[in-house]
Amino acid sequence: MDSEDEEDSYPEDEKWTDALEPGPDDVPAQVNDGSSVPGQAGTSGSHQGGQAKGHVSRMELNTNKAGMDGLDKEKINKIIMEASLGSRYYENEQKKDQQVNERIKKILAAKSKLMNNEVAAAQVKVDKMVKELERTRDLSRTIVHIDMDMFYAAVEMLEKPELREKPMAVGGTHMLSTSNYVARRFGVRAGMPGFIALKLCPNLVMVRPNFDKYRKYSKQVREILEEYDLNFCPMSLDEAYLDFTDHVVKRSTMSEKERTYMESVMNQPEGSVEKNEKKEEEGSEKSGDVTALLSTETAHSGESHDVDLQGGKLLGSISEAGEMGGQEDGVSGGKTHLFGISAEEAVREMRFRIQQKTNLTASAGIAPNCMLAKIASDMNKPNGQYVIKSTREEVMKFISNLPVRKVSGIGKVMEKILSAVGVKSCTELYENRAMLYKLFAPISFNHFLKISLGLGSTYVGRDGERKSVSTERTFGGKSRPEDLFRICEELCESLAQDVEKNGLKGRTLTLKLKTVTFEVRNRSQSFQNGICSFKDMHTAARDLLQTEIRACRPHPLALRLMGVRLSSLLSEEEIQQQQKQGSLISFFKKTQLKSTKSPPKTDNETNKTTVEDESCQKMESEMNKDNHFEQKSESLSSSNSPPKDSCKEENTNPLSREQIDEGSVEEDPSEGFTCESEAEVPRPSDNVDETEAESLSENQRYLCPVCNVEKPYNSLEEFNQHVDICLNKGEISTILHKQAKAGGQTSNVSQARSSAPMKRPSTSSSRSNKRMKTGRKRQYSTLDKFFAKNS
DNA sequence: CGGATCGAC
DNA sequence: CTATGTCGATCCG
Ligand SMILES: Nc1ncnc2c1ncn2[C@H]1C[C@H](O)[C@@H](COP(=O)(O)OP(=O)(O)OP(=O)(O)O)O1
Ligand SMILES: [Mg+2]
Ligand SMILES: [Mg+2]
Ligand SMILES: [Mg+2]
């Protein structure tokens with residue numbers, strides 16, 4: 001019974017490309033090599049840390065995804081490079097790559113300084129940790145990770161079956177969110193811009209996303225998942241963790257009838273369209289597997305959990321529906337399928353039901369913990385499943401040659417870093433544990449150690465509360481302050497809606513900026529009391545933006561993206577609490593306001609009659625979310641052993657939230673709007689005209705980006721003042737924030753701000769208890785790094 | 001706390 | 001020409 005864990009092997013060497021693609025250049029770039037075992041990291045030894053220059057590893061294709069084995073990376077990367085060279089994006093990636101390289105250099109330096117006795121001492125400590133971890137190893141749970149195949153693409157193909165055989169991707173020329181497996185053969189994958197994908201695969205069909213549909217199908221799938229684990233944990237629209245332990249127990253008492261499901265009659269009216277020839281061999285292979293698994297065999301086998309170990313695909317998979325012709329004929333009507341009582345059979349059943357219900361396929365991994373289940377679900381990815389048996393031996397066997405990159409939470413950079421210190425596989429992770437202990441921060445090391453032992457969370461729990469809300473937008477380069485401020489305002493409006501809809505409040509507002517050179521900056525401000533209104537958030541965001549614009553001068557701040565995020569969200573209790581205090585204060589404040597009088601404010605602020613602050617605490621109890629379920633009240637004393645194993649996923653990336661899926665991968669806007677504003681950087685003009693008196697050496701000419709007038713100023717500050725005036729004629733952002741005491745003990749130093757010159761906090765009435773301001777004063781230097789290039 | 005980075009989908 | 005959006009975690013100063 002033991003022997004092999006795997007099943008559902010996946011066509012290792014597909015060559016379904018022949019008659020499909022016209023041009024010879026369109027032939028998927030793949031190399032021979034039929035290896036597709038769990039994976040094998042190059043045997044240690046050789047460090048390839050030092051990389052040849054002109055080799056921006058971060059630009060290379062990630063083949064770390066199902067359906068992308070055996071590609072001709074060289075050929076693909078060459079195309080990618082040619083398409084990218086010289087772009088601002090590329091330049092920035094190059095910069096980041098260098099930073100990573102320096103980081104590696106430091107680590108290597110630290111490594112070389114390690115003394116033998118240090119390492120030996122570390123070894124002792126680490127081995128104690130290992131012992132402790134080993135002591136708490138729990139192999140008693142049966143964890144399942146299920147993940148829909150090429151989810152968005154699959155949904156799109158439902159309505160356009162003719163796309164099944166063609167390379168297609170979801171997204172637009174700017175960005176793709178996923179691709180089908182045909183396209184993956186060309187190197188086309190999620191996160192790749194469409195225009196590059198087109199170079200890799202000229203016949204690629206790009207389909208715009210439709211998130212409502214994805215949500216709809218996701219919901220349907222979840223209805224099934226729920227039947228196997230009420231507490232299943234969705235990680236995104238298309239995947240989830242489930243604890244099958246209880247279900248398997250219950251399953252042994254279920255009658256055959258309860259484990260029998262009917263195969264829907266319909267299914268793919270199209271089946272195979274024109275070029276139906278395809279590969280007969282491949283088809284028959286699959287058909288064979290299918291028959292072996294489904295119906296008859298299993299049906300008679302009763303519940304023998306051994307028989308069901310037969311490898312093979314569940315169903316011919318809708319993508320191969322054509323080949324099923326023979327069978328369909330025979331049985332035509334509703335074929336029934338009996339599933340066994342083992343976990344694998346249960347999972348197979350679950351996948352079968354999903355496919356019957358939605359015509360979408362899913363893949364799954366079964367293992368004793370989340371980390372392993374996640375990896376396993378990718379093993380036989382397109383429409384398959386994989387089991388890692390619950391014995392220490394099997395786990396270690398699986399882990400042994402597994403490239404660390406396969407582990408969720410270890411990405412491109414960490415892979416590179418580890419590789420530089422001689423660690424590529426999980427065994428090497430274990431073998432080098434003492435060194436890693438010395439080189440990495442405790443949390444990271446802990447994570448590594450657990451991975452190296454094949455350990456992971458055995459708890460599948462509901463998401464905790466959301467920790468931040470944000471919205472951001474990419475637009476063509478814009479640099480005119482009025483444009484930037486308008487975008488900022490729109491973003492805040494959008495954010496305010498989200499915040500209100502979810503009844504949230506947060507203490508930190510962050511403005512995110514991405515320059516036209518792809519450099520990202522975050523600027524945040526914290527408050528003692530949570531904020532949630534458009535006005536409060538906008539005020540803060542606008543201030544931060546203004547500061548950045550100032551810091552850039554005399555250059556314009558040329559951006560390609562802006563975003564706003566509210567974090568440090570308050571718990572419900574805190575919101576309630578604050579609401580009480582707030583209402584008192586706002587009452588007090590209101591009366592005071594009348595006398596103070598507030599400037600008309602040109603802006604179109606949604607004149608809330610209520611005091612700006614509280615205006616968003618509604619949160620109807622309804623909520624579309626299924627967010628009920630208890631929250632683990634006790635928990636304090638740690639049921640687990642190590643520090644905190646918390647959520648499902650391993651240490652890192654307890655990704656949650658299901659709306660992550662909905663990136664903005666070019667929706668409707670037929671093309672990037674971008675607009676005008678060529679984001680050209682004027683430069684402060686160097687001709688020292690020095691016409692006027694003012695022989696100050698400082699006398700320089702600046703071009704005001706607002707009024708577009710260039711003239712000499714005595715100082716940069718004077719110029720800044722001019723722009724300020726020019727910018728917001730009556731700005732007076734003094735904004736009387738409301739008084740909010742709150743039990744904060746740290747006195748809130750109100751930093752001077754707004755219109756007035758700056759320096760000298762004296763003026764500016766913006767006292768308000770907001771703005772925590774840790775006594776730090778950041779000095780934005782006018783670093784005039786990059787200029788606009790080309791023309 | 002603030003900011004940068006990484007990772008995932 | 002053209003390189004996403006949303007969220008969580010970690011690390012460092
Ligand atoms: N980088 C991304 N940007 C935006 N959306 C993404 C990105 N990656 C994935 N998505 C969306 C689209 C995917 O269909 C969906 C699920 O992701 P994921 O499961 O990783 O891939 P996939 O389901 O498309 O293919 P498969 O699981 O078969 O490898 O999330
Ligand atoms: Mg998927
Ligand atoms: Mg997924
Ligand atoms: Mg990984």
Side-chain angles (χ1 to χ4, degrees), chain A residues 58-59 62 64-65 80 83-84 87-93 96 99-100 103 147-148 151-152 171-178 190-199 209 211 214 234-239 374 405 407-417 440-444 446-447 463-464 466-477 495 498 507-508 510 512 514 518-526 544 560-561 563 565 567-568 646-647 649-667 671-672 674 678 746 772-776 778 790:
Chain A
R58 139 187 318 258
M59 289 288 302
N62 278 18
N64 190 37
K65 188 151 184 59
I80 293 178
S84 310
S87 68
R88 296 204 240 228
Y89 179 81
Y90 176 83
E91 300 282 325
N92 187 251
E93 288 300 293
K96 289 199 281 186
Q99 288 177 17
V100 170
R103 190 172 154 192
D147 185 303
M148 303 299 293
F151 188 48
Y152 293 1
T173 67
H174 287 283
M175 184 52 55
L176 305 179
S177 61
T178 196
M192 177 179 280
F195 68 91
I196 300 249
L198 280 174
K199 292 189 197 277
F211 300 106
Y214 312 146
M235 300 301 290
S236 73
L237 278 186
D238 97 317
E239 76 190 70
K374 167 82 173 158
R405 179 71 150 80
V407 178
S408 177
I410 302 222
K412 204 183 247 282
V413 171
M414 193 49 78
E415 175 188 38
K416 187 170 178 177
I417 291 175
F440 291 89
I443 294 182
S444 292
N446 230 311
H447 188 210
D463 313 340
R466 180 141 70 152
K467 301 205 169 149
S468 73
V469 208
S470 68
T471 130
E472 67 190 57
R473 223 173 67 203
T474 290
F475 39 85
L495 182 64
D498 251 34
R507 289 169 43 246
T508 303
T510 304
K512 175 180 177 181
K514 180 148 63 178
F518 291 91
E519 182 200 349
V520 175
R521 304 177 200 164
N522 287 298
R523 296 295 179 258
S524 67
Q525 183 166 61
S526 291
L544 292 165
R560 88 184 321 271
L561 168 147
R565 175 172 73 239
S567 56
S568 303
S646 63
C647 291
E649 285 271 336
E650 250 31 54
N651 214 331
T652 72
N653 104 182
L655 271 277
S656 300
R657 258 353 338 118
E658 56 202 38
Q659 53 188 121
I660 291 181
D661 282 84
E662 178 171 341
S664 132
V665 186
E666 296 189 27
E667 276 180 87
E671 258 288 38
T674 55
E678 66 280 27
T746 51
M772 293 250 273
K773 258 306 154 219
T774 68
R776 49 185 291 156
R778 197 163 53 263
N790 103 63

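Letters A, B, ... mirror the listed sequences (proteins, then strands); counts begin at 1.
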Requested in this report: Using the test salt bridge (charged side-chain N to carboxylate O under 4.0 Å, His left out), find all partners of K467(A) that sit at least two apart in sequence or belong to another chain.
Outcome: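 Partners of K467(A) under the salt bridge (charged side-chain N to carboxylate O under 4.0 Å, His left out) test: none.
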Between atom [atom1] in [X] and atom [atom2] in [N], what is the gap in whole Å?
X: Y89(A); N: dC1(C); atom1: OH; atom2: P; value: 19 Å
X: K467(A); N: dA8(B); atom1: NZ; atom2: P; value: 18 Å
X: M192(A); N: dC9(B); atom1: CE; atom2: P; value: 17 Å
X: R565(A); N: dT5(B); atom1: CZ; atom2: C1'; value: 12 Å
X: I410(A); N: dA9(C); atom1: CD1; atom2: P; value: 17 Å
X: K512(A); N: dT6(C); atom1: NZ; atom2: C1'; value: 9 Å

Shortest side-chain distance from [X], nucleotide among [options]:
X: Q99(A); options: dA4(B), dT5(B), dC6(B); value: dT5(B)
X: R103(A); options: dA8(B), dG8(C), dT5(B); value: dT5(B)
X: N522(A); options: dT2(C), dC9(B), dA4(B); value: dA4(B)
X: S468(A); options: dG8(C), dC11(C), dT6(C); value: dG8(C)
X: S408(A); options: dC9(B), dT4(C), dA8(B); value: dA8(B)
X: M414(A); options: dA8(B), dA9(C), dG7(B); value: dG7(B)
X: S444(A); options: dT5(B), dG3(B), dC11(C); value: dC11(C)
X: K374(A); options: dG5(C), dG3(B), dC9(B); value: dC9(B)
X: R507(A); options: dC1(B), dG7(B), dC7(C); value: dC1(B)
X: A441(A); options: dG2(B), dT6(C), dC11(C); value: dC11(C)

Report task. Decide yes or no for R565(A) and T508(A): does some side-chain heavy atom of the first lie under 4.5 Å from some side-chain heavy atom of the second? Result ->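 No, their side chains stay 4.5 Å or more apart.
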Report task. Using heavy atoms to find the nearest nucleotide of DNA chain B for K96(A) and T508(A) separately, return the residue whose nucleotide is more 5′. Result ->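 Nearer the 5' end of the strand: T508(A).
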Query raised in the report: Starting at the 5' end of DNA chain C and moving along, which residue's nearest nucleotide shows up first, T471(A) or P442(A)?
Result: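 With T471(A) and P442(A) compared, the 5'-side residue is T471(A).
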Requested in this report: Could I get the full list of side-chain hydrogen bond (donor to acceptor under 3.5 Å, both in side chains) partners for D147(A), not counting sequence neighbours?
Outcome: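 If we apply the side-chain hydrogen bond (donor to acceptor under 3.5 Å, both in side chains) test to D147(A), skipping adjacent residues, the hits are K381(A).
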